[in-house]
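Read the structure below first, then the notes.
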Amino acid sequence: MRRARQLLVTLFTFLWPLVTSFGATPVQSSSSTSIFSPASTPAHTIFRFSLFVLAIIAAIFGTVFGLLVYAAVRFRMKADDDGREPPQIYGSNEIELAWTVLPVLIVFVLFVTAARVIHQIQDARRPPGAIEVTVVGHQFWWEFRYPQYGFVTANELHVPVSDPKHPTPTFLKLLSADTDHGFWVPRLAGKTDLIPNHPNQTWIEPHETGIYFGQCSQYCGVEHAKMLLRVYVQPRADFDRWVRTQQQADPPDVPMSTLAAEGRRVFLTAACINCHTIKGTVADGRFGPDLTHLMSRDTIASGAALNTPKNLRLWIQNPDEIKPGCLMPAMNLTAQQFDEVAAYLMTLH
Amino acid sequence: MVVGGVCRKRAGLKAGATLPAGPLRGRWYERKPMASDSMPLPQGIPLPQETRRTWLEIAHEWVTTVDHKKLGLMYIIYALIFLVIGGVEATIMRIQLLVPHEHFVSPEVFNRMFTMHGTTMIFFVAMPILFGFANYMVPIMIGARDMAFPRLNAFSFWMTAFGGLLLYFSFIGGNGLYGAGNAPDVGWWAYAPLTSPAFSVGHSTDFWTIALLVSGVGSIGTAINLIATIFSMRCRGMTLGKMPLFAWLNLVMAGLVLLAISPLTAAQAMLMIDRYLGGHFFDTQAGGSAAIWMHFFWIFGHPEVYVLILPAFAFVSEIVPVFSRKVIFGYPIMVGAAVAIAFISISVWAHHMFTIGMPSYANAFFVLSTMAIAVPTGIKIFNWLGTMWGGKIRYATPMLFCLGFLFQFLIAGLTGIMLGSAPFDWQLGNSYFVVAHFHYVIVGGILFATFGAFYYWYPKVTGRMLDERLGKVHFWLFLIGFQLTFDSLHIVGVLGMPRRIYTYEPGRGWEIWNIIASIGVVFQIVAMLCFALNLVRSYFKGKLAGNDPWDAWTLEWSTSSPPPAYNFAAIPEVRSRRPLWDIKHPEDPDWKYE
Amino acid sequence: MSTVPLAIPPSETPWQLPSRGKVGMLSLIIAESAIFTIFVVAYIFYIGKSLSGPTPQQVLRIPIFATICLLSSSLTIHLAVRALERGRVGTFKLLWLLTLSLGAVFLVETGLDWHHLIYEEGLTISTNLFGTTYYSLVGLHAFHVTVGLVALSLVMLFALAGKVKREHAYQTGVLSLYWHFVDAVWVVVFTTVYIVGR
Ligand code: HEA
Ligand code: HEA
Ligand code: CUA
Ligand SMILES: [Cu+2]
């Protein structure tokens with residue numbers, strides 16, 4: 001018995017650092033997506049719950065593993081075996097009862113705890129200050145609508161950091177325009193799927209500013225792997241400034257170079273407008289991301305590439321180069337026109 | 001009901017002894033010596049003239065056979081071939097995932113690879129290999145000469161076989177015969193609406209659907225056959241309570257197949273109606289629901305995984321007692337636990353759908369039912385432990401694999417509990433943690449147990465032992481490779497790596513684990529090659545096995561190796577769960593205690 | 001090599017096992033029930049979810065006559081098997097033929113219903129969710145009736161050729177299990193489609 005306890009302690013001391021190390025430094029660089037370094041309420045609640053589950057599991061594991069090892073070693077056939085069969089034991093009702101009841105109790109405890117956490121997260125009430133965002137999953141990019149503020153953006157979600165005294169969580173309504181997708185930013189919340197005809201909801205309440213990474217977690221087709229996702233958690237003032245920029249339409253008479261002006265003409269006469277919206281112009285397509293404030297984003301094509309002039313030009317010329325199989329076709333324009341359109345896009349701040 | 005501590009000492013035969021030659025004497029199996037006693041095999045029936053046959057005749061015999069043993073072997077060989085194919089697909093995926101932004105295959109190919117890998121491994125490796133063992137062993141173990149419906153048996157095998165061929169034909173015909181073909185790329189769950197004509201053009205999804213429909217019919221046929229065999233073909237004296245656990249577990253498995261595969265068949269029929277007749281079952285544009293496909297699929301999918309694990313339990317329940325030299329601990333409870341697992345497993349399907357936004361009470365219900373399965377499963381593990389306890393464990397290769405099974409299944413079950421805790425699953429679901437969980441069960445559990453079964457019954461099937469040295473090399477290499485690959489995948493899952501992605505971003509701490517996981521596959525391949533070598537070489541050069549090389553206790557060891565076409569010259573009669581123990585220990589037979 | 005016979009002592013206790021035909025047929029029925037369950041669930045799930053017409057209330061006519069035919073065929077087949085057990089082959093043939101015709105009438109009625117729905121009401125399998133679920137569920141059942149009729153006709157042919165004797169009562173009995181199942185399923189389908197779904 002003492003040996004068993006020792007073994008348990010050893011196992012625990014061995015396993016614990018392993019578990020906690022997921023949340024610790026080396027991995028927790030800025031781009032960490034570890035589920036064990038939560039930065040927002042639901043993720044935190046889940047994290048605490050998962051430590052509880054892990055502790056129980058580790059205890060069961062230690063016990064049963066220890067017993068198995070003990071039996072496997074202790075009862076092996078010795079070299080000097082006398083060739084007699086060991087005593088034949090057919091069973092024991094007392095022992096069977098013991099190892100039925102004990103797991104039943106454990107299961108019950110796990111269930112009750114899980115049910116509480118489910119209720120806590122899933123049925124959370126929406127405080128008055130909550131931000132509302134409608135997330136629409138598309139093959140293979142994200143559309144974010146801010147109905148309270150009346151604008152639409154893509155791929156990079158901005159939310160204010162939440163002060164525990166005046167909580168401003170963000171509630172996300174999850175819709176899909178085509179196939180199933182999954183909204184998953186591990187450090188902020190667990191994942192929830194976006195399913196056509198089946199509106200879902202989730203929420204986040206981040207306590208630290210920063211960029212949080214995630215990606216689509218439900219297989220949705222060819223480019224499921226590059227349906228990346230970023231959440232910018234900003235101080236309230238920054239967030240409000242960002243909202244004001246986004247609300248503006250593309251001013252028609254902004255001074256621009258002839259190159260860009262020509263690009264604008266090309267854009268507005270080419271097929272681009274069938275799929276993209278630029279507020280303040282005739283472009284009002286909904287199939288692709290809203291480009292009104294393209295330059296306010298750090299990445300293009302839902303995180304597949306950084307938003308640099310070079311990438312932008314490459315993207316319009318041949319999207320497959322960056323994201324093979326994505327749903328934006330390569331446009332049939334001249335090299336000159338590509339330059340012009342890229343120049344125009346770079347005016348969309 | 002036997003209560004604790006009925007012990008007795010064994011006298012007489014040495015462990016490892018074979019059955020006494022000549023007429024057997026004992027209380028209830030006394031018989032008059034027959035003329036056939038001195039005759040060579042097969043008793044009382046003249047040997048057919050051993051003539052050289054052309055390969056065509058041999059092929060004809062195998063294709064038209066209705067013998068359960070030949071069909072069982074065909075299932076197993078067929079599954080082994082697909083195991084290599086599925087393994088090659090897995091290897092391609094592991095190469096692609098070796099480093100971030102790798103360009104080994106295109107995204108389209110990668111998506112086809114995991115779809116084909118998953119479908120192949122589940123439907124054309126795991127199911128047939130387990131059906132093969134059941135087909136071969138169940139009739140012999142219950143003292144029957146064949147399955148209840150031999151022709152249905154052949155029909156079922158060929159349906160399954162054609163299913164696999166149809167699936168792979170998609171590589172040629174998937175896009176229509178003109179142009180290049182392509183394999184299905186919708187994942188092995190084929191979630192709607194990805195399978196709708198709008199998102200899946202061409203015929204690749206149709207091949208997937210039809211392949212599973214066809215092989216599903218085969219599986220249902222086999223299940224019906226197994227049930228009828230076990231209920232109606234047992235030899236005299238073998239009441240349900242005296243059947244070997246192997247037969248019991250396969251009976252439960254067959255029952256579960258009836259309840260699990262049928263919904264899949266129905267769902268596939270609906271999908272075909274959608275794709276070919278313009279139906280709207282899963283058409284989200286016309287008010288159809290994507291979620292209902294998920295429900296239908298997992299009503300099949302979850303019981304399916306228990307369909308796979310129950311036969312693995314069956315192997316372990318036969319091998320552990322023999323190599324611990326002890327009777328199975330708690331037989332009636334083992335049976336009860338299996339039945340309980342089957343029943344509970346019908347009500348847990350939605351734990352695969354914790355992330356689809358079910359109401360909180362539904363999530364809570366499925367947490368409870370999911371975890372409830374831990375209880376009967378735990379009982380099984382504990383009873384195997386109880387069987388080993390106080391025994392004299394011989395570490396021959398079959399037992400080594402079973403030990404691997406016990407350790408790895410324990411871990412896999414516990415990660416299952418983590419996934420079963422809904423909030424935890426909101427983080428772990430659809431990540432590599434899930435991939436690691438189920439490979440731990442399927443490879444670390446089922447495949448290990450199956451390898452154990454290969455080493456255990458190969459002597460019976462071929463008359464020759466598999467090489468023990470090579471077997472141990474196989475075991476250790478596969479163990480190492482398995483651990484390297486699938487331990488690492490748990491970790492990347494926790495670090496946030498979703499599954500089914502053909503490439504990933506650097507800088508998230510995933511690189512090193514992916515490299516380790518891919519390296520593990522190299523070990524697995526070498527191990528598999530050892531195994532293949534062993535299978536082939538031992539067939540020609542292996543040590544002769546004799547009838548009962550392991551000093552075992554169930555009926556299959558009482559007939560010759562390989563068994564004659566009719567299994568038993570005289571249909572046996574039993575009085576206990578271990579008829580051969582009774583013969584070997586007439587002074588202290590089992591039936592006194594059962 | 002030799003097989004070691006576990007010799008058979010003279011049988012003292014009788015050793016009786018269920019017949020494999022019955023066990024097999026019951027297993028098949030379990031599997032089929034699972035299939036029907038899925039279709040019924042889909043039907044019930046989609047009641048009232050069609051985005052466009054026609055609705056069941058507008059177009060469905062309750063097939064009372066067909067239902068009576070099908071249900072009474074259960075009785076006739078039962079009597080037929082009983083007759084064969086007693087060796088009355090003539091009665092058997094007559095009742096078997098009656099069963100066959102009742103089943104056929106049911107099929108024809110279903111066909112007429114469908115004709116009405118398709119050509120007069122404009123409801124096809126692709127019209128809306130109601131059409132999809134209705135034709136699949138009723139069609140699945142009709143398919144089972146058809147299979148049953150083919151099997152029954154085979155027996156009828158054998159009977160006409162004088163090949164069905166008293167000792168075949170067992171086989172016909174197993175077949176009749178299937179037919180009873182098809183009838184029982186109709187009760188479920190009828191309830192789902194014409195009572196719950198209307
Ligand atoms: C043969 C296969 C097999 C087996 C036996 C299991 C067994 C279990 N599985 Fe697993 N599972 C799969 C194959 C299997 N699984 C597959 C293939 C998938 C993924 C499919 C896909 O997505 O592609 C999957 C996915 C899967 C999920 C979905 C994850 C997701 O997609 O989000 C979940 C969630 O609950 C789960 C849970 C469980 C549980 C609770 C068990 C339990 O049965 C385990 C019970 C065993 C134990 C718990 C250990 C022993 C018990 C004790 C020592 C007693 C004491 C213990 C306690 C009291 C806790 N499994
Ligand atoms: C029976 C079931 C089974 C088995 C045995 C395996 C075995 C393996 N699986 Fe599989 N796997 C699944 C069932 C199974 N898998 C399922 C259901 C999925 C989900 C699919 C989906 O998401 O839709 C999946 C998904 C899956 C993924 C995730 C893909 C993704 O989500 O993107 C990965 C990735 O590493 C993987 C890897 C492996 C590996 C390395 C093995 C290895 O253990 C295989 C080792 C075997 C061999 C390598 C064969 C032996 C070869 C030879 C003897 C010949 C020499 C070979 C070469 C030269 C290559 N599997
Ligand atoms: Cu969107 Cu995966
Ligand atoms: Cu499951």
Side-chain angles (χ1 to χ4, degrees), chain A residues 22 27 31 33-35 46 49-50 53 57 61 64 67-68 71-72 75-77 83-94 96 99-100 103-104 107 110-111 114-115 117-119 121-123 179-180 182 186 190-193 195-198 200 215 217-219 222 224-225 324-325, chain B residues 2-4 6-8 10 14-15 107-108 187 191 193-194 199 284 290-291 325-327 329-330 333 355-357 360 363-364 367-368 371 374-375 378 382 385 388-394 403 406 410 414 418 421-424 426-427 430 494-496 498 500-503 507-509 593:
Chain A
F22 288 125
V27 165
S31 63
T33 48
S34 167
I35 67 170
I46 294 176
F49 170 69
S50 54
V53 175
I57 294 225
F61 174 75
V64 183
L67 288 171
L68 273 173
F75 299 112
R76 68 190 189 283
M77 191 179 273
R84 299 168 73 83
E85 301 280 26
Q88 302 291 310
I89 300 162
Y90 289 82
S92 150
N93 289 350
E94 293 81 4
E96 299 281 358
W99 63 44
T100 310
V104 168
V107 163
L110 279 173
F111 161 66
V117 177
I118 292 174
H119 175 68
I121 294 179
Q122 242 188 309
D123 305 335
T179 62
D180 307 332
K191 61 180 75 60
T192 312
D193 291 353
I195 301 167
N197 247 357
H198 182 103
N200 275 335
Q215 71 191 79
S217 63
Q218 185 65 278
Y219 178 61
V222 187
H224 162 63
Chain B
V2 186
V3 185
V6 182
C7 308
R8 52 183 198 192
R10 174 214 190 214
K14 284 210 157 134
E108 288 89 350
Y191 271 6
L194 208 53
F199 297 107
T284 47
R325 308 308 306 154
K326 277 185 66 206
V327 66
F329 193 87
I333 291 164
T355 60
I356 73 153
S360 52
N363 280 334
V367 170
L368 181 61
M371 293 204 173
V375 178
F382 296 135
L385 182 62
M388 286 161 60
W389 205 270
K392 293 182 173 176
I393 305 172
R394 281 185 289 170
L403 213 58
L406 287 176
L410 172 69
L414 292 175
M418 292 163 71
S421 322
F424 209 171
W426 294 337
Q427 288 287 19
N430 266 336
V494 164
L495 293 179
R500 297 174 165 176
I501 54 175
Y502 73 90
T503 193
R508 302 195 173 170
Y593 303 93

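Please read all numbers here as calculations on a predicted model, not as lab measurements. Just so it is clear: chains get the letters A, B, ... in the order the sequence lines come, proteins before strands, and each one is counted from 1.
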Please report the shortest heavy-atom distance between [X] and [Y], naming the atom on each side.
X         : Y         : value
Glu96(A)  : Gly330(B) : OE2-CA, 3.5 Å
Ile46(A)  : Gln427(B) : CG2-CG, 3.7 Å
Gly390(B) : Pro86(A)  : O-CB, 3.5 Å
Ala225(A) : Thr503(B) : CB-O, 3.7 Å
Leu414(B) : Ile57(A)  : O-CD1, 3.2 Å
Pro103(A) : Phe382(B) : CG-CE1, 4.4 Å

Within a strict 4.5 Å, meaning less than it, do heavy atoms of the [X] and [Y] side chains meet?
X         : Y         : value
Ser92(A)  : Phe329(B) : yes
Trp426(B) : Thr192(A) : no
Leu194(B) : Asp180(A) : no

Check each atom of [X] against the heavy atoms of chain B and say whether the ones under 4.5 Å are side chain, backbone, both or neither.
X         : result
Asp123(A) : side chain
Val53(A)  : side chain
Ile195(A) : side chain
Tyr219(A) : both

Would you compute the distance between atom [atom1] of [X] and atom [atom2] of [Y] and round it to the nearest 0.5 angstrom?
X         : Y         : atom1 : atom2 : value
Leu403(B) : Arg76(A)  : CG    : CZ    : 12.5 Å
Glu85(A)  : Arg325(B) : CD    : CZ    : 4.0 Å
Leu406(B) : Leu67(A)  : CG    : CG    : 12.0 Å
Ile356(B) : Asp193(A) : CD1   : CG    : 7.5 Å
Trp99(A)  : Ile333(B) : CH2   : CD1   : 8.5 Å
Ile35(A)  : Leu495(B) : CD1   : CG    : 8.5 Å

**Study point:** For Phe75(A), ring-ring contact (aromatic ring centres under 6.0 Å, His included) partners two or more places apart
**Key:** Trp389(B)
Revision key, fill the gap. Counting heavy-atom pairs under 4.5 Å with chain A, the top scorer among Val367(B), Ile501(B), Ile393(B) is Ile393(B)
**Study point:** Selection from Ala364(B), Ala374(B), Ser360(B) maximising heavy-atom pairs under 4.5 Å formed with chain A
**Key:** Ser360(B)
Review point. Non-hydrogen atoms of chain A under 4.5 Å away: do they reach the side chain of Phe424(B), the backbone, both or neither?
Key: both
Exercise for review: Sort out for me which of Ser217(A), Ala72(A), Gly325(A), Pro324(A) touches chain B most, counting heavy-atom pairs under 4.5 Å.
Suggested key: Ala72(A)
Exercise for review: Among the options Pro186(A), Ala114(A), Ala115(A), pick out the one with the most heavy-atom pairs lying under 4.5 Å from chain B.
Suggested key: Pro186(A)
Exam field: side chain [X] to backbone [Y], donor-acceptor pair closer than 3.5 Å:
X         : Y         : answer
Gln122(A) : Gly357(B) : no
Ser31(A)  : Gly507(B) : yes
Lys326(B) : Gln88(A)  : no
Lys392(B) : Arg84(A)  : yes

